[in-house]
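Right, one structure below, let's go through it.
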Amino acid sequence: MSGPPASGPGLSRLAVTSLALAQVRSHRKLSLEFDGRPVAIYGPNGAGKTNLLEAVSLLSPGRGLRRAAPEEIGRRAAGVGWRVVAEIDSLGHAHEVETGAEPGSPRTVRIDGKAAPQVALGRLARVVWLVPAMDRLWTEAAEGRRRFLDRMTMSFEPGHGDAVLAYEKAMRERNRLLKDEVRDPAWYGALEGRMAEAGARIAAHRAAALARVAAAQAGAATTFPAADLALTGPEGAEPAATESGLAEALAAGRVRDMAAGRTLAGPHRADLTAVYAAKGVPAAQCSTGEQKALLLSLVLANARALAQDFGAPPLLLLDEVAAHLDAGRRAALYDEVCALGAQAWLTGTGRELFAGLEGRAQFLSVTEAGGDSAVKEEA
Amino acid sequence: MSQIPPQVETLIDLMARLPGLGPRSARRVVLTLIQKRGKLMVPLAEAMAAVAREARECVQCGNIATATLCPICQSEKRATGQLCVVEDVADLWAMERGRAFSGRYHVLGGTLSALDSIGPEELGIPRLAERVRAEGITEVILALAATVDGQTTAHYIADALEGSGASVTSLAQGVPVGGELDYLDDGTITAALKARKAL
């Protein structure tokens with residue numbers, strides 16, 4: 001594929017310039033090149049469009065947009081492992097990123113030919129996504145909103161993932177003590193110290209991310225509605241955010257937690273609330289279309305903030321994003337994506353959904369036959 | 001039907017259970033041993049038999065020894081009043097390679113883990129506290145991993161040794177020798193900043 005780069009000088013660009021897949025879900029073998037413009041992917045349901053987006057999402061730390069274990073990503077029939085190799089233009093530097101997993105082994109990452117931890121991916125690329133599973137984000141359980149917030153936070157601060165892992169590890173240990181009714185204050189104290197340390201980092205990262213998104217929403221030229229975001233604790237209480245405050249809350253809650261058999265205070269119980277700012281209506285009470293528009297607004301604000309923080313807008317993965325948008329909002333979305341200069345990867349069932357991107361994007365059609373996806377570059 | 005003789009197959013299976021070796025590398029190791037029978041395999045078998053016969057745990061510190069006490073615990077020169085607590089013998093050997101520590105050791109044999117049912121008793125932490133008091137230890141250096149389990153164990157031991165008269169310290173965490181700040185994660189940078197020292 002060829003064409004002019006969308007975002008001007010390469011120094012402020014983040015783009016996948018080539019993508020090769022081997023045994024990734026329905027894609028047996030695939031090699032594509034890109035010029036940095038948005039990528040519109042269309043085809044019937046089940047053709048393998050989202051699988052392409054998932055492959056790109058694996059260029060960031062974690063389990064990707066489907067939260068899949070490594071063994072779920074490989075083609076079921078093959079059972080030989082899988083591999084994603086991408087060339088990334090990151091702020092004027094070209095890097096080769098290779099990630100994959102052998103059967104029964106964890107995901108590995110190589111950057112420019114050298115083995116690297118997953119967190120190192122965050123130094124090269126930031127990836128933000130919106131998938132249909134998030135449509136019910138504002139009405140479902142708090143866990144989904146925490147995950148959304150933590151992913152947004154991780155896009156600003158890749159080290160946030162380590163803090164979350166450390167916190168959860170210590171909490172699992174504490175929960176086992178609670179379940180086994182172990183009464184050793186020193187053991188609890190040692191674990192609560194680790195939880196408080198990691199929990200304070202989590203709280204600080206989350207607060208900073210919310211502040212960045214709020215600043216990016218303020219005064220932005222966008223047709224999407226702004227959301228007022230806030231973080232609350234269980235029953236709407238203000239969550240403890242300092243290391244000493246968390247340690248005290250955990251120590252004070254031991255008897256209650258032992259009765260419950262699990263930890264009832266801490267950042268793992270926080271909830272993200274959103275209010276449709278212009279109307280003053282909580283997101284959960286908005287229409288389906290408004291809820292989707294709020295999510296898109298947050299994802300775009302996240303991208304604008306990252307453009308300043310990271311130096312380039314992130315890779316934006318928008319799966320079936322047109323589903324709940326009328327033609328006017330679709331056109332507005334495409335204009336904003338192009339103005340931002342982000343390499344957005346969008347999927348939809350037909351090319352007509354991307355009419356507003358004609359001449360401004362690369363187009364791929366995806367079809368499926370006998371369990372194998374075929375991807376064709378379209379003019 | 002396998003073309004490998006059963007005795008060789010048994011050896012490959014045993015080798016594949018070793019850390020760092022899988023079935024393929026175990027086959028390569030065994031083939032090399034057979035090809036170098038006189039120079040490698042026989043001396044190796046003899047060395048393994050000798051270690052299996054003589055190696056034991058030092059009753060005082062948990063190090064690998066060939067007598068009741070390991071050479072470090074036997075040496076009066078190592079009775080400096082400093083006691084370094086490590087997770088396992090490999091960590092003890094790593095400390096000895098650095099040649100920076102001249103005191104004695106205490107090997108825990110693991111770290112606290114409620115999920116794996118490893119508690120203070122299993123690690124012999126009460127025995128460690130007794131040892132600190134009995135030997136008049138003045139400083140206990142906790143050289144444990146900077147993981148959640150390692151640091152939980154370190155804090156537990158520090159609590160258990162309160163009032164023992166010994167000061168409790170831990171290894172510094174931060175910028176590795178030859179490391180560049182730009183490549184460090186935020187947790188390491190925070191730890192390094194907390195542990196900064198005057199020049």
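Letters A, B, ... mirror the listed sequences (proteins, then strands); counts begin at 1. All of these numbers come straight from a predicted model, not from anything done at the bench.
Of the inter-residue distances, the one linking A/R172 atom CZ with B/S113 atom OG reads 10.0 Å to the nearest 0.5 angstrom. Distance check, rounded to the nearest 0.5 Å: OG of B/S117 to CZ of A/R176 gives 6.5 Å. Between atom CG of residue A/L165 and atom OG1 of residue B/T147 there is a gap of 13.0 Å, rounded to the nearest 0.5 Å.
Interface with chain A: from residues 157-180 of chain B, residues B/D159 qualify, criterion being any non-hydrogen pair under 4.5 Å.
With chain B as partner, the option from A/A186, A/G193, A/G159 having the largest number of non-hydrogen pairs under 4.5 angstrom is A/A186.
In B/E54, the CD atom is crowded: over 12 heavy atoms of neighbouring residues, nucleotides or ligands sit closer than 6.0 Å. The neighbour count for A/Q308 CD, taken as heavy atoms of other residues, nucleotides or ligands under 6.0 Å away, does not exceed 12. Annotation: A/R256, atom CZ; neighbour count of heavy atoms from other residues, nucleotides and ligands within 6.0 Å is above 12. Counted within 6.0 Å of NE2 on B/H155, heavy atoms from surrounding residues, nucleotides or ligands total 12 or fewer; the atom is thus considered open.
Nearest approach of B/I118 to A/W187, heavy atoms of both residues: O-CH2, 3.5 Å.
For a residue to count as touching a neighbouring chain, one of its non-hydrogen atoms must lie under 4.5 Å from one of that chain's; by this rule A/E157 touches chain B with the side chain only. Interface remark: A/D184 contributes side-chain atoms only to the contact with chain B (heavy atom separation under 4.5 Å). Proximity to chain A is limited to the side chain of B/D149, based on heavy atoms less than 4.5 angstrom apart. For a residue to count as touching a neighbouring chain, one of its non-hydrogen atoms must lie under 4.5 Å from one of that chain's; by this rule A/R123 touches chain B with the side chain only.
When side chains are defined from C-beta on, B/T152 does not count as touching A/E173, because their heavy atoms never get closer than 4.5 Å.
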